[in-house]
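Structure record follows, encoded as structure tokens.
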Amino acid sequence: MAPVPSTPPRSIRSCRGAATWVHLALAGLLGPGAMPAPAAQPPDLRPYPPAAAGERRWWLSVETTPAAAENLRVELVVGRTLLVDCNRHLLQGTVEEESVPGWGYPLYRVKGGSPVVSTRMACPDQVQRKEFVRLAGSPTLVPVNPRLPIVVVAPEDLEVRWRLWRADPRQRPARPF
């Protein structure tokens with residue numbers, strides 16, 4: 001899968017306070033008229049459990065047709081902005097899929113999110129810079145269901161971002177050697 005080139009924002013909104021609806025306009029990818037009009041209201045988040053103390057609940061919604069959603073995935077990018085040097089920094093933690101009790105809807109819960117691990121190169125005379133540091137490990141790719149939001153529960157100090165991925169429908173042969 002290759003990332004979908006897009007100009008929409010790469011972040012999602014927290015469910016703290018008033019709900020904010022995020023709409024990803026895929027009209028450039030699917031062609032004019034292929035996208036429904038943006039919904040006036042955010043999706044119904046009542047089936048999803050509220051965040052516990054020390055956690056925040058995040059959600060995103062990808063508006064598309066069911067046929068187009070078959071080739072789409074959302075990569076959840078969880079991390080936090082830190083001051084870093086020339087070393088490579090990562091957070092220890094995982095994103096685990098759970099099922100909402102009584103509903104069966106998927107819910108993604110972030111476990112961990114600290115401590116920060118890094119390489120240990122010397123960085124003489126280098127000024128520290130702010131950088132988004134993500135969880136270590138394989139990317140978390142989530143299937144797109146246009147009828148349901150994607151809900152993520154994470155520790156309060158973490159931020160949830162996302163990227164949209166699209167599978168190429170063509171299959172190409174590999175060459176033996």
Side-chain angles (χ1 to χ4, degrees), residues 1-81 91 93-114 132-135 137-167 169:
M1 287 188 179
V4 175
S6 61
T7 55
R10 298 276 188 207
S11 63
I12 59 179
R13 305 287 189 243
S14 168
C15 293
R16 182 188 299 176
T20 305
W21 183 69
V22 177
H23 174 73
L24 174 62
L26 292 172
L29 299 172
L30 303 176
M35 292 297 301
Q41 299 295 321
D44 184 12
L45 297 173
R46 288 180 293 174
Y48 296 92
E55 292 182 329
R56 282 172 61 183
R57 187 172 66 166
W58 301 76
W59 67 272
L60 67 104
S61 182
V62 178
E63 293 290 321
T64 186
T65 63
E70 290 179 17
N71 290 329
L72 297 176
R73 299 286 182 267
V74 168
E75 177 187 359
L76 298 175
V77 183
V78 181
R80 106 174 59 119
T81 303
L91 298 173
T94 59
V95 179
E96 298 175 2
E97 182 178 352
E98 297 177 0
S99 182
V100 176
W103 294 86
Y105 297 161
L107 172 73
Y108 300 92
R109 190 170 299 276
V110 179
K111 306 278 184 170
S114 65
F132 185 77
V133 178
R134 62 181 288 166
L135 293 180
S138 300
T140 303
L141 292 176
V142 175
V144 172
N145 182 344
R147 294 175 300 230
L148 293 175
I150 296 171
V151 178
V152 181
V153 177
E156 252 182 346
D157 60 341
L158 295 180
E159 179 182 347
V160 178
R161 298 179 181 183
W162 62 285
R163 293 194 304 184
L164 190 63
W165 292 74
R166 179 184 62 206

Considering all heavy atoms of both residues, which atom of Leu158 and which atom of Ala154 are nearest to each other, and what is their separation? CB-CB, 4.5 Å
Could you measure the distance from the CZ atom of Arg134 to the CZ atom of Arg161? Nearest 0.5 Å is fine. 10.5 Å
Give me the one residue out of Leu141, Val110, Val142 that meets side chain to side chain contact (heavy atoms under 4.5 Å, CB included) with Leu76. Val142
When rounded to the nearest 0.5 Å, the distance separating OG1 of Thr94 from NZ of Lys111 is 7.5 Å
Rounded to the nearest 0.5 Å, what separates atom CG in Leu91 from atom CG in Asp157? 8.5 Å
Heavy-atom check, side chain of Glu63 versus side chain of Pro146, under 4.5 Å: no
Any side-chain to backbone donor/acceptor pair from Arg80 onto Gly113? Under 3.5 Å, distance only. yes
Search all heavy atoms of Arg57 against all heavy atoms of Val153 and return the closest pair with its distance. CG-CG2, 4.2 Å
I'd like to check the ring-ring contact (aromatic ring centres under 6.0 Å, His included) partners of Tyr108; sequence neighbours left out, ordered by chain and number. none
Of all heavy-atom pairs between Ala69 and Val144, which one has the smallest distance, and what is that distance? CB-O, 3.6 Å
Distance check, rounded to the nearest 0.5 Å: Phe132 atom CZ versus Thr81 atom OG1? 6.0 Å
Listed pairs under 3.5 Å, donor-acceptor, residues 42-49 side chains, sequence neighbours left out:
| unit_1 | atom_1 | unit_2 | atom_2 | d |
| --- | --- | --- | --- | --- |
| Asp44 | OD1 | Arg46 | N | 3.1 |
| Asp44 | OD1 | Arg46 | NE | 2.9 |
| Asp44 | OD2 | Arg46 | NE | 3.4 |
| Asp44 | OD2 | Arg46 | NH2 | 3.0 |

For Arg147, check side chain to side chain donor-acceptor pair (under 3.5 Å) against everything at least two apart and list the hits. none
For the CG atom of Leu148 and the CG atom of Leu107, what is their distance to the nearest 0.5 Å? 12.0 Å
Return the minimal non-hydrogen interatomic distance between Glu97 and Pro106, and the atom names on each side. OE2-CB, 3.5 Å
Nearest 0.5 Å please: distance from the CD atom of Glu96 over to the OG1 atom of Thr140. 10.0 Å
